[in-house]
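Residue numbering restarts at 1 for every chain, and letters A, B, ... go by the order of the sequence lines.
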Protein chains: 2
Amino acid sequence: MVSVMDDAVPPAAAPKRRARQPRQATTERRAEILRAAANTFGSKGYKNGSLAEVAEQVGITHAGVLHHFGSKEQLLVEVLEYRDKEDVRDLEGQHIPGGLGLFQHLVRTARMNVDRPGIVQGYSVLTGESVTENHPARGWVTDRFRVLRGEIADAVIAVGEGKVSRETADCAASAIIGVMDGLQVQWLLDEDVDLPTSTQFAIEAILAAALLGDDRPHPLD
Amino acid sequence: MVSVMDDAVPPAAAPKRRARQPRQATTERRAEILRAAANTFGSKGYKNGSLAEVAEQVGITHAGVLHHFGSKEQLLVEVLEYRDKEDVRDLEGQHIPGGLGLFQHLVRTARMNVDRPGIVQGYSVLTGESVTENHPARGWVTDRFRVLRGEIADAVIAVGEGKVSRETADCAASAIIGVMDGLQVQWLLDEDVDLPTSTQFAIEAILAAALLGDDRPHPLD
DNA sequence: TCCCACTTACTGACAAGTCAGTAAGTTGTG
DNA sequence: CACAACTTACTGACTTGTCAGTAAGTGGGA
C-alpha cells in the first residue's frame, strides 16, 4: 500500500540472495496485462472495471494479475506510466514540435483519434472519473493538464512573437485543451459531431484571438 | 419510462378504488432524496455511489429509498428529470435568451459556477461516466448535448444575420459546449485555471471566428 | 364523530452477487 | 533445486434488491 513495488526494486547491496531478474517473457506478459487493463479501465472506468475482466483478456485469473501488480490501484498507476512511455516513444522520431507546429500536431491528433475511439474513450472516462473524491488517478490527470497547459501556452507566446501576455496565453492554452477534451466527449456520444473540423476551427479561433490581444472585440462584457 | 408520472395523473373515471394522491409530505420527501442522490452521484459517480449513502443523508435506510424509487437506475433517471425541472424553473422569470444574450448567459453561468463546485462536479462526473458501455444516463446526456448544440447554433446564425453557414454554426456550437465542459474539468482539478475568464475568452474567440466565416486565416492547414 | 378498510412509509433481515485481496499449493524453467 | 508464475480456494466487505412486518396516516360510511 506504500507502493514501493518490492519486486521491481533491485535490492541495494543484496547480501545473500540476489533477487533474480524476471524471466524475459515476463516483461511482455506484464505489458499484455497493462494493455488489457487500459482497455478495461477505458471502457468501464477504473472503479467499475474488474481485475477479473482484465485477467480474462490475457487468459489468467484475477489472482494472477495481483501477482504481477500487487493491487488494483498499483495496476492503474502502471497503466498510466505505460501510456506515458508509449506516447513518448511514438513521438521519438519526430522532434517535439513547438510554435505553430504544436497546434498542427494537435489538429493531426484529433484527426487520428477518429480512428481510435477506444483510446479516446479511455482518456475521457478516466479524466471524468478523476474529479471524484480521492480518485487514484487524480494526481496524474492534474499533472498532465498542468504540463500540457505550460507547453501550449509557451507555443502561443512563441507564435505571438512576444506580443502575447502570459495571462492571455494561459487562457488560450486551457481553452484549447478544454475544447479538445469536450469535443471528444460529444463525438463519443454522437457521431454527428465532426471532431477534426470542430477541433481545427476552435484552435484557429482561439489562436487568432490570443494573437489579437486586447484589440479584438468584447461583445459579451 | 414514457414519463407519464402516474401519481400526478388523477384517475380518469376510476372504477372501484381511486388511486389516492400522495400525501403532501411525500413530494417533499422524494425531493429530499433526489437532492441527496444528486449530491452522492455528483461526488462519487453513479456506479460508485451507493443507495445506503443516499439514504443516510435523509435519515432512512436504503430500503426506504427503494420504496420510493424502485431501483437505483430509476432514481438516477428521476434525479436527471428533477434537475431539468429545476433548471427550467430557474429560467422561468427571465425569458430564455437567444442571439447575443445566449452567449452572455453562458458566460454568466460560468461565473456563477465558480461558487458551486458541487454542481459542476456532478455534471462533469456524470458526463464523463456516460460514455462508458450501457450507462443509464447516456441517452439523457446525448439528448442534452444535441438540444444545447441546436440552440447555440441558432444563436450563432442569429448573431451572424444570415451570413454564417449551418456547418460553421454547428462547429462553433459544439466547440463552445466543449470548451465550457473541458474548462470545468480543468478548474475542478486545479484552481489556478481561471474558469470565467477562460470561458469568456474562448466563447468570444469562437464567435468571432464564426462571424468571419471563410475570410479568416487558416494557419493550420 | 368514530371506526374500519386500506395505503403509505418505512425497518430489519436476508438473498444473491461482485469485488479486491490473501494464502497455500502446483508447475515448469533457468 | 529454488524461484517465478501462476491456480485454486477462500475471506470479508459491499452491492442492489426482495420480503414480511409495523406504525402511522387517510377516506368513506354508519
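- Summarising the geometry, the separation between CG on B:Asn48 and C1' on D:dC14 is reported as 11 Å, rounded to the nearest angstrom.
- Not one side-chain nitrogen or oxygen of A:Ser50 sits closer than 4.0 Å to the OP1 or OP2 atom of C:dT18.
- Proximity of A:Thr61 to the phosphate of D:dT7: a side-chain N or O atom is located under 4.0 Å from OP1 or OP2.
- D:dT16 atom C1' lies 12 Å from atom CG of B:Leu75, rounded to whole Å.
- The minimum heavy-atom distance linking A:Ala175 with B:Val179 is given by the pair O-CG2, 3.3 Å.
- The NE2 atom of B:His68 sits 11 Å away from the P atom of C:dT8 (whole-angstrom rounding).
- Atom-to-atom, CD of A:Gln74 to P of C:dG21 comes out at 11 Å; the value is rounded to the nearest Å.
- Stacking of B:Arg30 on the aromatic ring of B:Phe69 is recorded, both the 6.0 Å distance cut-off and the 45° axial limit being met.
- In this structure, the CZ atom of A:Arg30 is 14 Å from the C1' atom of D:dC6, given to the nearest Å.
- In this structure, B:Asp190 and A:Phe145 have side chains that are not in contact, with every pair of non-hydrogen atoms separated by 4.5 Å or more.
- As a whole-Å value, the separation of B:Lys47 NZ from C:dC19 C1' is 14 Å.
- Within the nucleic acid shown, A:Leu66 comes within 4.0 Å of at least one base atom, counting heavy atoms only.
- The separation between B:His62 atom NE2 and C:dC14 atom C1' is 10 Å, rounded to whole Å.
- Closest to the side chain of B:Ala63, from the set D:dC19, D:dC6, C:dC10, is D:dC19.
- We find that NE2 of A:His67 is positioned 19 Å from P of D:dA9, with the value rounded to whole Å.
- In plain terms, the two heavy atoms of A:Lys72 and A:Tyr46 that are nearest each other are NZ-O, 2.7 Å.
- When every heavy atom of A:Ile60 is checked against every heavy atom of A:Val65, the shortest pair comes out as CD1-N, 3.7 Å.
- Phosphate contact (OP1/OP2 of C:dT8, side-chain N/O of B:Arg29, threshold under 4.0 Å): absent.
- Here the nucleotide nearest the side chain of B:Lys72, chosen from C:dA20, D:dT16, C:dT11, is D:dT16.
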